[in-house]
Every structure is written in structure tokens, then in C-alpha cells.
2 protein chains.
Amino acid sequence: MRNIRLEDVARKAGVSMKTVSRVVNGEPNVRANTQEKVLEAIKLMNYRPNASARSLAGNRSYLVGLLYGDVSPAYLFEVQNGALKAGNETHYGLVLHPCETVEDDVSGDVADFLKQSRVDGLILTPPISDNMALIRLLDAEKIPYVRLSPMDSDMGMTVSIDEKQAAAEMMKHLLDLGHRRIGFIKGPMAHGASRWRYESYKASLEKTGIIFNPALVADGDFSFDSGKIAAEKLLSGGNPPTAIFASNDNMAAGVIHTAFERGLQIPRDISIAGFDDAPLARQLWPSLTTIHQPMRGMGHMAMAQLLTMIRGDDCAGPEQSILNYELIIRASTANVGRGQSHPHP
Amino acid sequence: MRNIRLEDVARKAGVSMKTVSRVVNGEPNVRANTQEKVLEAIKLMNYRPNASARSLAGNRSYLVGLLYGDVSPAYLFEVQNGALKAGNETHYGLVLHPCETVEDDVSGDVADFLKQSRVDGLILTPPISDNMALIRLLDAEKIPYVRLSPMDSDMGMTVSIDEKQAAAEMMKHLLDLGHRRIGFIKGPMAHGASRWRYESYKASLEKTGIIFNPALVADGDFSFDSGKIAAEKLLSGGNPPTAIFASNDNMAAGVIHTAFERGLQIPRDISIAGFDDAPLARQLWPSLTTIHQPMRGMGHMAMAQLLTMIRGDDCAGPEQSILNYELIIRASTANVGRGQSHPHP
DNA sequence: ACATATATTGACAGCGCTGTCAATTTGTGT
DNA sequence: ACACAAATTGACAGCGCTGTCAATATATGT
């Protein structure tokens with residue numbers, strides 16, 4: 001059984017193909033009752049436009065590409081679900097493209113991807129959102145894109161949370177609990193988010209009049225293992241911190257692991273905080289105090305922004321979307337030296 | 001700058017469009033030196049076929065759909081990465097389609113998806129892999145599909161591990177450690193995997209001569225929260241189990257959480273085992289003994305199977321792929337009553 | 001009522017590729 | 001060298017849709 005085509009609908013509705021096309025695409029200049037006739041015919045025949053034909057004729061694919069590198073499963077999952085949802089409303093699909101962030105030549109790889117898939121726009125997740133070679137390529141090719149949590153949001157469209165303020169709020173939480181020796185585990189510096197969080201850590205100390213102590217800072221790369229290693233370092237010194245703020249939840253999980261291995265009790269002996277509110281955060285024991293980042297909302301927003309850009313021919317100008325974060329206080333942080341300020345959940 | 005087309009390459013190579021098309025698609029009946037000429041021209045001009053035009057003319061999309069419902073982020077991530085990798089080799093893309101598993105009318109939703117996206121095949125993740133209405137639709141429409149971890153693998157192509165044997169191996173591990181009162185937390189019965197694991201649990205008990213005790217079994221739905229609730233139930237009785245085998249890692253995490261809340265030590269007071277080897281498993285404390293399921297490999301295999309089916313015109317007949325699992329012994333299980341048979345990692 | 005501006009509709013080419021089938025070249029057996 | 005089969009190549013229609021632009025219908029001002 002052959003599929004229903006535009007022509008079939010047109011015949012049924014007694015109008016031209018082009019008019020049906022207009023209705024399908026929500027174009028203006030269709031009289032109300034004509035539109036009604038067409039919509040009825042479409043419903044009656046259960047017509048769905050052929051995406052390939054649309055792409056070919058219209059020179060666009062109704063597809064958005066999601067570029068990702070070394071991200072956590074949970075992050076990608078949320079972002080892609082949000083994007084799918086936003087795209088679904090306007091029948092835009094999502095094509096995934098994992099990038100080998102190791103090799104420097106992301107641009108070439110992406111260029112091939114663009115040529116083949118003909119995506120109409122791109123969503124860039126960190127750390128790819130800060131790959132300048134790629135940005136230049138996209139600008140040159142005039143491919144619309146949205147960057148998630150970039151280092152600098154002064155060009156193109158971006159979606160992020162106020163990383164600095166969020167980290168400051170977490171620091172305030174720890175400081176309010178009486179902590180003064182607060183350790184920090186950095187994320188990979190290629191991520192803009194890592195930098196902001198680190199800057200904010202230092203700024204909060206300074207604001208409170210605490211002298212920044214490099215010995216309380218350890219490098220990490222957002223992975224669980226790097227969190228463990230960092231924790232080893234921070235907990236080994238003679239005068240270990242009373243709280244550790246890890247740049248993300250994965251690393252915080254590593255800290256918890258290491259702390260337990262060393263026989264410490266959390267939060268009695270040490271408070272631990274993360275960042276992201278990955279599913280993991282509430283599944284750990286003790287559950288993790290963290291910053292909730294609206295990853296799904298960010299994916300949704302990114303797609304929505306991209307679509308307005310794609311559809312409105314003139315771009316509405318660069319735009320930054322800042323979404324709300326939320327400090328989630330769970331069981332892994334407590335008053336310094338006394339513990340148990342919060343009952344376990 | 002207009003994109004390079006087939007015609008441009010043909011002119012450059014001094015052959016017809018059709019011949020270039022043959023080379024691009026790896027079709028037979030092209031003389032070796034002709035092929036060489038064409039390949040050179042392609043490389044020289046950096047030609048990439050236009051996917052939309054190919055789809056329209058060839059009546060296929062070079063796209064495979066991944067249907068998923070209520071799965072864990074980590075599972076989806078691995079499966080999709082595996083599938084992408086397998087697809088990449090033959091320039092097949094992957095389109096995601098989340099299904100509302102709640103509503104019964106998955107078929108209608110998927111039918112729309114098929115019409116629009118024109119995917120050439122489908123990968124079904126559980127529990128959608130067992131939706132019979134959908135299967136019938138796909139059979140009727142002659143859409144190739146591969147089912148992951150289905151309940152019954154007696155029709156179409158499937159990819160799974162030997163769930164029954166894997167669960168049996170976990171039971172053997174626990175029994176070998178001396179456990180006799182082994183609790184079990186079921187997964188959602190809509191998942192074939194849940195059933196197999198549960199069956200296997202019962203079979204192992206029987207084989208060992210232990211009388212099955214319904215009080216040691218609790219319902220779950222693969223979620224962390226359901227694991228917590230199930231654990232409450234199992235640990236509340238007068239004579240609690242010395243080990244709990246949860247049907248997946250998420251629920252096992254819930255059990256750990258609940259056990260800690262109740263002041264139990266793991267594995268001294270109780271051993272806990274999961275299933276899947278999600279990233280979570282090694283991040284928990286204590287790290288979780290579980291069954292490693294090669295999710296990425298399964299995604300890869302599913303895509304590969306699908307592609308041979310799509311490309312070879314006659315289907316090579318139904319095929320079942322059984323991949324290897326692996327028992328991963330970590331720190332959450334130990335000898336009954338004594339604990340610490342395994343040092344913490 | 002008439003001319004003019006504006007909104008609505010339709011005819012048709014053509015997007016870049018593949019399927020079909022016919023034309024041509026090459027190989028094989030005698 | 002010839003007839004014939006097999007391999008290789010090419011010409012061309014058409015996949016289902018949208019962009020362009022011309023044709024027609026309706027609204028507006030006088």
C-alpha cells in the first residue's frame with residue numbers, strides 16, 4: 001500500500017498541493033475555511049509529510065544535531081530528552097553525533113557530519129561548546145548553533161545557569177555550617193563550568209576573609225576515579241579540610257568512597273558537596289548535597305532557541321538564557337565538628 | 001558556495017552519474033580502474049552524498065530508530081553509543097524516539113514516527129521489546145527490527161545475554177558464601193529480563209534444596225525508590241535475609257541506602273547484589289557485586305544485525321545473539337555472618 | 001462603480017539521487 | 001574469426017515536496 005502523499009490530500013480537499021503544503025507548514029495567507037478543509041482531509045487520510053522529500057525540496061532537514069564528547073550518561077540523557085521534547089512540538093528530530101574530543105580535529109569530523117546529515121542546527125554540549133575552531137567553522141558556514149554552559153557567553157546563543165552564583169551559594173552553605181577549611185576539587189579546565197566554579201570558590205573564600213590555600217585544591221576531570229585520587233590527596237595532609245566541595249557529583253561520589261575507605265564518617269567527620277544533582281546524588285549514602293542543574297530544561301531551551309533561530313529567517317540576535325539552579329541540601333553536609341545537623345533522609 | 005553533487009563528480013571522473021552512484025553505494029559491476037578514478041574524484045572534491053536525496057530516490061532513509069521507554073540513562077547511553085558506532089561504519093544514523101510506555105497506544109505513536117522519519121529499521125529496548133501490538137505492526141509493515149532482552153526470543157532478531165544463567169551464577173556466588181536466606185527484589189514483570197531473573201532465583205533455590213519463601217521476595221520496578229521500599233519490607237520481618245539479590249543496580253542502591261539507615265553494615269550484616277553493572281555499581285560504597293551486562297556491545301550488535309538484515313534483501317532468517325555477561329564481585333557481598341571476606345576495594 | 005492594493009491560490013520546475021532498462025564493452029567457447 | 005553470454009556503463013524518469021511567480025479573488029479608497 002502506497003503512502004499518502006500531498007497530492008492525495010490536495011485532491012481530497014479540492015485544493016492545490018501548494019495550499020496543502022502551506023497548511024502543513026503553518027505558512028500564512030491561507031483562508032480560515034480553506035485551512036479547515038485541508039486539516040480535515042489530512043486527518044481523514046492520516047497524512048504525514050515525507051521528511052526526505054521535504055528536506056530535499058526545501059533544502060533543510062528538519063533535524064538538529066546534538067554534538068557530545070566526554071559527558072556523563074545522565075547529563076546526555078536529560079539534555080537529549082529535553083531537546084527531543086522541544087523538537088517534537090514542531091516535528092524536528094534529533095540526530096546524535098559523538099565527537100572524539102581527544103583528537104583535535106573535531107571540526108573536520110563535524111564538517112563531514114554536517115554535509116551528510118544536513119542538520120539545520122547544532123546543540124553543543126561542553127566541552128565542545130568551547131571549541132573555538134568549531135565555532136569559527138559554524139559561523140563561516142552560517143549553521144545556527146546553541147552552546148550549553150560555555151566558558152564565555154558573549155557570542156551566539158547560549159544556555160546555562162549562573163555557575164558562579166550557584167557555586168557561591170554552595171560555599172555559603174558550607175561556610176554557614178561553620179566550615180573554614182574547605183577543600184575544592186577542580187573539573188577539567190577545558191570546561192567553562194569548571195572554571196566558573198573554581199573562580200567562585202576562590203571568590204567566596206576571599207569575601208569571607210579566608211586565605212586561599214592551594215593545598216586544599218586538587219585537580220580532577222569530572223570522573224569518579226579522579227575524585228577518589230583527589231580525595232586521597234586532600235585527606236592525606238596533616239590538617240585535612242572539614243568539608244570538600246567537588247565540582248561535580250561523580251567526583252563527590254569518589255570522595256565519599258575514599259572517605260569511607262579511610263574510616264571517616266560523613267558528615268560527622270567531613271562534609272561533602274557536589275554539583276549537578278545527577279541521579280546518583282540521591283542514591284548515594286549519605287545522599288549528596290549538591291546544586292541542581294536543570295539539565296532537561298537546558299536541553300529543551302537549547303532546542304527551542306535553535307528553532308526560533310532556524311525558523312525566523314533573520315536571527316533575533318544573540319541571546320543568552322540563564323536558567324535557575326537550586327541548592328539541594330541532603331545528608332552529606334553538616335555543621336563542622338559536630339555532624340548530624342541534618343538527619344539522614 | 002553550492003555543494004558538490006553526484007553530477008560534478010561524474011563529470012570530473014569522466015563517467016556517468018549512475019556509475020558514481022554505484023561506487024558510492026558499493027554496488028557490484030564496476031571495473032576496478034573505473035572505481036579508482038571515481039574514488040579519486042570523490043576524494044578530490046570532498047564529495048558527500050546528500051542524505052535526503054538518497055532517501056527520497058531510494059525509498060530508504062539510512063536511518064535507524066531507537067525506541068525507548070522507561071530505561072535508565074546509563075543503559076540508554078551505552079546502547080545508543082554502541083549502535084551509533086556500528087552504524088557509523090556504514091553511514092547509518094540513529095534517530096531517537098522516546099515512547100510513553102504509560103499509554104497503551106505505543107503502536108500508533110510509533111506508526112506516526114515511522115511514516116515521518118522513514119527509518120529503515122528499529123531497535124527496541126525493553127520493555128517495548130515485548131509489546132506485542134507493536135511487533136505485529138512491524139511485522140505487517142515489514143519493518144526490520146531487533147529486540148533487546150525480550151521475554152521470548154522465538155521470533156525475529158534479538159540480542160540478549162543468558163539472563164537465567166547469569167542470575168544463576170549470582171545465586172551460586174551468594175550460596176557459595178554460605179547464604180541460605182536470600183531475599184530477592186523483582187523487577188517490573190513487563191520486562192522479560194525481570195522474569196528470567198526471578199525464575200532463575202527460584203530455580204537456584206530449588207536446585208540447592210532450599211524451600212522458596214515468598215516472604216523473602218519483594219516487588220520492585222527497577223527504580224531506586226522501589227528498591228528502598230522493597231528493602232524496608234524485607235528487613236522488617238523477624239528473620240531478615242542475610243543477602244538480598246536485587247534485579248538491577250538501581251534497586252540494589254536503594255537497598256544499600258535503607259540498610260545504612262537501619263544501621264546495618266554491609267557486607268558484615270547483610271550482603272547485597274545487583275544486576276547490570278551500571279556506572280553506579282562501582283561508585284556506591286561499598287561497591288556493588290553485580291552482573292556485568294555488555295550494554296554497549298548489545299547496542300552495537302543490534303545495529304549490526306539490523307544492517308545486515310536491511311542490506312541483504314532476503315532476510316538471513318531470524319537470529320538470536322547471546323552475548324557474554326560477567327559476574328563482577330565487589331565489596332557488597334561476603335561470607336554469611338562473618339563479613340569482610342573481600343577487602344574493600 | 002471603478003481602479004488599485006492586497007490577500008489567497010495554483011502551475012510547474014527542480015532539489016540530488018536511485019531504479020529501470022537499454023546500450024555498449026568485454027569475455028568465452030568453438 | 002564468429003556467435004553468444006556476461007559484465008559494465010549510461011540515459012532518463014521520477015521519488016514527494018517546496019520555491020517561484022503568475023493568476024485569481026477579495027478588500028479598500030475615491
Side-chain angles (χ1 to χ4, degrees), chain A residues 1-39 41-42 45-63 91 114-118 120 310-311 313, chain B residues 1-39 41-42 45-63 91 114-118 120 310-311 313:
Chain A
M1 182 197 87
R2 161 192 226 84
N3 256 313
I4 308 293
R5 291 161 305 139
L6 205 50
E7 197 184 340
D8 306 323
V9 178
R11 198 175 308 119
K12 181 130 196 166
V15 296
S16 73
M17 274 167 57
K18 184 63 211 187
T19 298
V20 179
S21 171
R22 287 196 180 90
V23 172
V24 170
N25 293 291
E27 286 170 29
N29 298 335
V30 178
R31 207 166 295 156
N33 80 328
T34 309
Q35 188 182 61
E36 208 166 307
K37 270 194 308 188
V38 172
L39 285 176
I42 288 177
M45 309 183 79
N46 192 26
Y47 166 76
R48 301 287 152 191
N50 179 316
S52 310
R54 255 156 59 119
S55 316
L56 183 57
N59 195 35
R60 63 198 140 141
S61 63
Y62 296 89
L63 248 32
H91 292 289
L114 289 177
K115 272 197 188 168
Q116 274 208 243
S117 69
R118 254 76 177 175
D120 298 336
I310 291 171
R311 319 195 97 201
D313 234 5
Chain B
M1 184 196 89
R2 161 193 226 81
N3 256 313
I4 308 293
R5 290 162 306 141
L6 206 49
E7 198 184 340
D8 305 322
V9 178
R11 199 174 309 118
K12 180 131 200 165
V15 297
S16 73
M17 275 166 56
K18 184 64 212 186
T19 298
V20 179
S21 171
R22 287 196 180 92
V23 172
V24 169
N25 293 290
E27 286 170 28
N29 298 335
V30 178
R31 207 165 296 155
N33 80 328
T34 309
Q35 191 184 57
E36 208 166 307
K37 270 193 309 189
V38 172
L39 286 176
I42 288 177
M45 310 184 78
N46 193 25
Y47 166 77
R48 301 286 152 193
N50 179 315
S52 310
R54 254 155 62 119
S55 315
L56 182 57
N59 196 35
R60 65 196 138 142
S61 62
Y62 297 87
L63 248 31
H91 292 289
L114 289 177
K115 271 197 189 167
Q116 274 208 245
S117 68
R118 254 73 177 177
D120 298 337
I310 289 169
R311 319 194 97 202
D313 233 4

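Order of the sequence lines sets the chain letters (A, B, ...), proteins ahead of strands, with each chain counted from 1.
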Quick one about A/Arg48 and A/Asn3 (side-chain donor to acceptor, distance below 3.5 Å, no hydrogens or angles considered), yes or no?
no
With sequence neighbours excluded, residues passing salt bridge (Lys or Arg N to Asp or Glu O under 4.0 Å) with A/Glu7
A/Arg5, A/Arg11
Among A/Val38, A/Asn33, A/Leu39, whose side chain to side chain contact (heavy atoms under 4.5 Å, CB included) with A/Gln35 holds?
A/Leu39
Taking any heavy-atom pair under 4.0 Å as a contact, classify B/Pro49: base, sugar-phosphate, or nothing.
sugar-phosphate
Touch check for A/Asn29, heavy atoms < 4.0 angstrom, all strands: base, sugar-phosphate only, or nothing?
base
Distance-minimising heavy-atom pair for B/Ser61 and B/Ser55:
CA-OG, 3.6 Å
Enumerate the protein-to-nucleotides 10-14 of chain C contacts in which both atoms are nitrogen or oxygen and the separation is below 3.5 Å.
from	atom 1	to	atom 2	distance (Å)
C/dG10	OP2	A/Ser16	N	2.8
C/dG10	OP2	A/Ser16	OG	3.0
C/dG10	OP2	A/Thr19	OG1	2.6
C/dG10	O6	A/Arg22	NH2	2.8

Just how far, in rounded Å, is P of D/dG16 from CG of A/Leu6?
11 Å
Nearest whole Å is fine: how far is D/dT8 C1' from B/Lys37 NZ?
12 Å
Specify the closest pair of heavy atoms between A/Ile42 and A/Val24, including all atoms of both residues, with the distance to one decimal.
CD1-CG2, 3.8 Å
For the pair made of CG in A/Asn50 and P in D/dT18, what is the distance, rounded to whole Å?
10 Å
Heavy-atom pair with the smallest gap, counting every atom of A/Tyr62 and A/Asn25:
OH-OD1, 3.8 Å
Could you state the CG-P distance from B/Asn59 to C/dT18, rounded to the nearest angstrom?
13 Å
